Number of protein chains: 2
Amino acid sequence: MKKARSPVEPRGKISESTVRRLSSYLRLLHEADALGQETISSEELAERGGTTSAQVRKDLSFFGSFGKRGLGYSVPELLREIEGILGLHRRWRVALVGAGKIGSALFSYRDFQRRGFHIQAVFDSDPGKVGASWGDLRVRHDQEMDRAIREDAIDIVIVAVPAEAAQGVVDRVVGAGVRAILNFAPTRLRVPESVALRYVDMTVELEGLAYAISGERLR
Amino acid sequence: MKKARSPVEPRGKISESTVRRLSSYLRLLHEADALGQETISSEELAERGGTTSAQVRKDLSFFGSFGKRGLGYSVPELLREIEGILGLHRRWRVALVGAGKIGSALFSYRDFQRRGFHIQAVFDSDPGKVGASWGDLRVRHDQEMDRAIREDAIDIVIVAVPAEAAQGVVDRVVGAGVRAILNFAPTRLRVPESVALRYVDMTVELEGLAYAISGERLR
DNA sequence: GGATGTGAATGTCTTCACAGCT
DNA sequence: AGCTGTGAAGACATTCACATCC
């Protein structure tokens, strides 16, 4: 019997696209699980996830053999496995920097909490915002940030400040030991190699759409 | 003298990553232009855009020869060229569906307007939200959507409704002739081949970060 | 029988390296 | 001399196709 590799020991380096797809398989698995579906095929995962069955199997094969030939995958089991792979068995401590419109929308985004990402602190430099009650948190002053991040053992920082302020914030949180950053500010950031950084850039997406529909291009 | 190809006639099919990078070069060019910088090298574009100079030159070469050897690129000229490539010489008419927290944050996001993406209409199905004043718009009822999208000649729809409602919205707006959709709902959508679709999926990004920092993986 | 797991083949994207202009 | 533009090489990702096992 072939043993599944430990989820933290993938074979080879895993591409960002594979990780993204795992995340989307996970979402489908949650949906299927909620419906009481017990088993799922690579074909079904593929179809609903916008890829091919071979791709699904390949993605999973980097981490182990989770299916049964002739049958498919057990929904709850695969769900657990992917959670393990992505590191979602634990609670992640998140801080939000920037209490403006975007910060506020992110704060009330229920999905984060549901997936184990817990916002522990909110910071802003605007004295008009500091002190406001957000859920059971209070918006704290920017000055407290560095210390609070250490004390609260924050794992991930979400940056939702204006572009001009973003690099400064990032330098400070990296200095405070944060190793993962999700940036909503419309600017490219510099971080040390050891820090994971992702961008959510709505302008880039809109411009991509503009490109796709302007002129009559063959796609 | 080598002539630049027409911006709407790229050589070959252009990858999504190239288009994304063009968008980010454009941002840098706007910054450089605002500072009065007249010329820029592929090296500088690369460094500040998180890629390599060869990549920058290759990306641009799909569309023409915009630089001067020994000198680099003229900032205002390259800016114009990339705007042309991406289709930003025109105003894009955007509708926002979903007047919740995320919709509201997107509505007040100044960068869209600045880049030529103008929100012309906002829709929601919640009677409690319909009629509210947003800037000089009023939130309109969902029922009006199909007709309004045709009448307002909407080019792009931003979907910011709950996951369960998203596919229904998309089917309707596609039926109303929309060919580009930016989806913020945490679900995968089905659209005809001819419709351009992009996702902004914050959960996928956070899970990607979790993967990157959980365990001690070599990257 | 039916779906997985996976080498091999194919396809795509990135990097190299240098000829060619300015 | 300096920096672009670009074929060719190399790296990486996806798809094929089939042996393997439930």
Side-chain angles (χ1 to χ4, degrees), chain A residues 1-5 7 10-22 24-25 29 32 37-75 77-78 81-82 85 208 218-219, chain B residues 1-5 7 10-22 24-25 29 32 37-75 77-78 81-82 85 208 218-219:
Chain A
M1 170 191 166
K2 177 95 59 60
K3 207 159 104 278
R5 277 169 290 283
R11 75 148 140 251
K13 323 186 178 82
I14 302 306
S15 71
E16 187 174 306
S17 13
T18 289
V19 177
R20 293 191 117 81
R21 283 190 299 262
L22 288 175
S24 90
Y25 306 153
L29 288 165
Q37 186 177 343
E38 293 192 350
T39 174
I40 195 165
S41 67
S42 58
E43 188 52 45
E44 189 177 348
L45 281 169
E47 203 174 329
R48 304 215 299 137
T51 181
T52 66
S53 60
Q55 183 72 80
V56 172
R57 297 197 299 277
K58 181 67 85 179
D59 286 338
L60 295 174
S61 78
F62 294 129
F63 300 93
S65 310
F66 308 119
K68 294 211 193 337
R69 299 178 191 224
L71 255 167
Y73 304 87
S74 146
V75 169
E77 191 182 312
L78 186 55
E81 291 289 358
I82 296 184
I85 291 165
L218 4 152
R219 341 201 283 115
Chain B
M1 171 192 165
K2 177 93 58 62
K3 208 162 103 278
R5 275 168 291 283
R11 74 148 140 255
K13 323 184 176 82
I14 303 305
S15 72
E16 188 174 306
S17 15
T18 289
V19 176
R20 292 191 118 81
R21 283 189 299 263
L22 288 175
S24 89
Y25 305 154
L29 288 165
Q37 185 177 343
E38 294 191 350
T39 175
I40 196 166
S41 66
S42 58
E43 187 53 44
E44 189 176 348
L45 280 167
E47 205 174 327
R48 303 215 299 136
T51 181
T52 67
S53 61
Q55 183 73 77
V56 172
R57 297 197 299 277
K58 181 67 83 179
D59 286 337
L60 295 174
S61 78
F62 295 129
F63 299 93
S65 310
F66 308 120
K68 295 212 192 333
R69 300 178 190 223
L71 256 167
Y73 304 86
S74 146
V75 169
E77 191 183 312
L78 187 56
E81 291 289 357
I82 296 183
I85 291 165
L218 3 153
R219 341 200 283 112

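Proteins get letters first, then strands, A, B, ... in listed order; numbering begins at 1 in each. Note that the structure is a prediction, hence the values are computed from the model and not measured.
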Within this structure, what is the CD-NZ distance for the pair Glu77(A) and Lys68(A), rounded to the nearest 0.5 Å? 5.5 Å

Does a sphere of radius 6.0 Å around CD in Glu38(A) hold more than 12 heavy atoms from other residues, nucleotides or ligands, not counting ones at 6.0 Å or beyond? no

Length of the NZ-P vector between Lys58(A) and dA9(C), whole Å: 13 Å

Round to the nearest Å and state the distance from Asp59(B) atom CG to dT4(D) atom P. 13 Å

CG-CZ distance between Leu60(B) and Phe63(B), expressed to the nearest 0.5 angstrom: 8.5 Å

I need the CZ-P distance between Phe62(A) and dT4(C), as an integer number of Å. 16 Å

Measure the CD-CD1 distance between Glu16(A) and Ile14(A) for me, rounded to the nearest 0.5 Å. 12.5 Å

Rounded interatomic separation in angstrom, taking CZ from Phe66(B) and C1' from dG5(D): 12 Å

From NZ of Lys13(B) across to C1' of dT12(C) the rounded distance in Å is 11 Å

Side chain of Ser17(A) only, heavy atoms from C-beta on: which candidate in dG5(D), dA13(D), dT14(C) is closest? dA13(D)

For the atom pair CG (Leu29(A)) and CZ (Arg48(A)), what is the distance rounded to the nearest 0.5 Å? 9.0 Å

Quick check: on DNA chain D, is the nucleotide nearest Thr51(A) upstream (toward 5') of the one nearest Glu43(B), or the reverse? Name the residue that is more 5'. Glu43(B)

Nearest heavy-atom neighbours spanning Ser61(A) and Lys58(A): OG-O, 2.8 Å

Measure from CD1 on Ile14(A) to C1' on dA11(D) and round the result to the nearest Å. 16 Å

Tell me: CD of Glu16(B) to P of dT14(D), nearest whole Å? 12 Å

To check you understand the geometry: which heavy-atom pair defines the closest contact between Ser42(B) and Tyr73(B), and what is its length? N-CE1, 3.9 Å

Contact under 4.0 Å: Gln55(B) side-chain N or O vs dT15(C) OP1/OP2: yes

Say you draw a straight line from CG of Leu22(B) to CD1 of Ile82(B); how long is it, rounded to the nearest 0.5 Å? 5.5 Å

Nearest-neighbour nucleotide for the Arg21(B) side chain, dT14(C), dC16(D), dA13(D) considered: dT14(C)

Mind grabbing the angle between the end helix axes of the helix from dG1(C)-dC22(D) to dT22(C)-dA1(D)? Five pairs an end, 10° rounding. 10°

Could you list the protein-to-nucleotides 1-3 of chain D atom pairs, N/O on both sides, closer than 3.5 Å?
| residue | atom | partner | partner atom | Å |
| --- | --- | --- | --- | --- |
| dG2(D) | N2 | Gly70(B) | N | 3.3 |
| dC3(D) | O4' | Gly70(B) | N | 3.0 |
| dC3(D) | O2 | Gly70(B) | N | 3.2 |

Sorted by chain and number, sequence neighbours left out, side chain to side chain contact (heavy atoms under 4.5 Å, CB included) with Thr51(B) holds for Arg21(B), Tyr25(B), Ala46(B), Gln55(B), Val56(B)

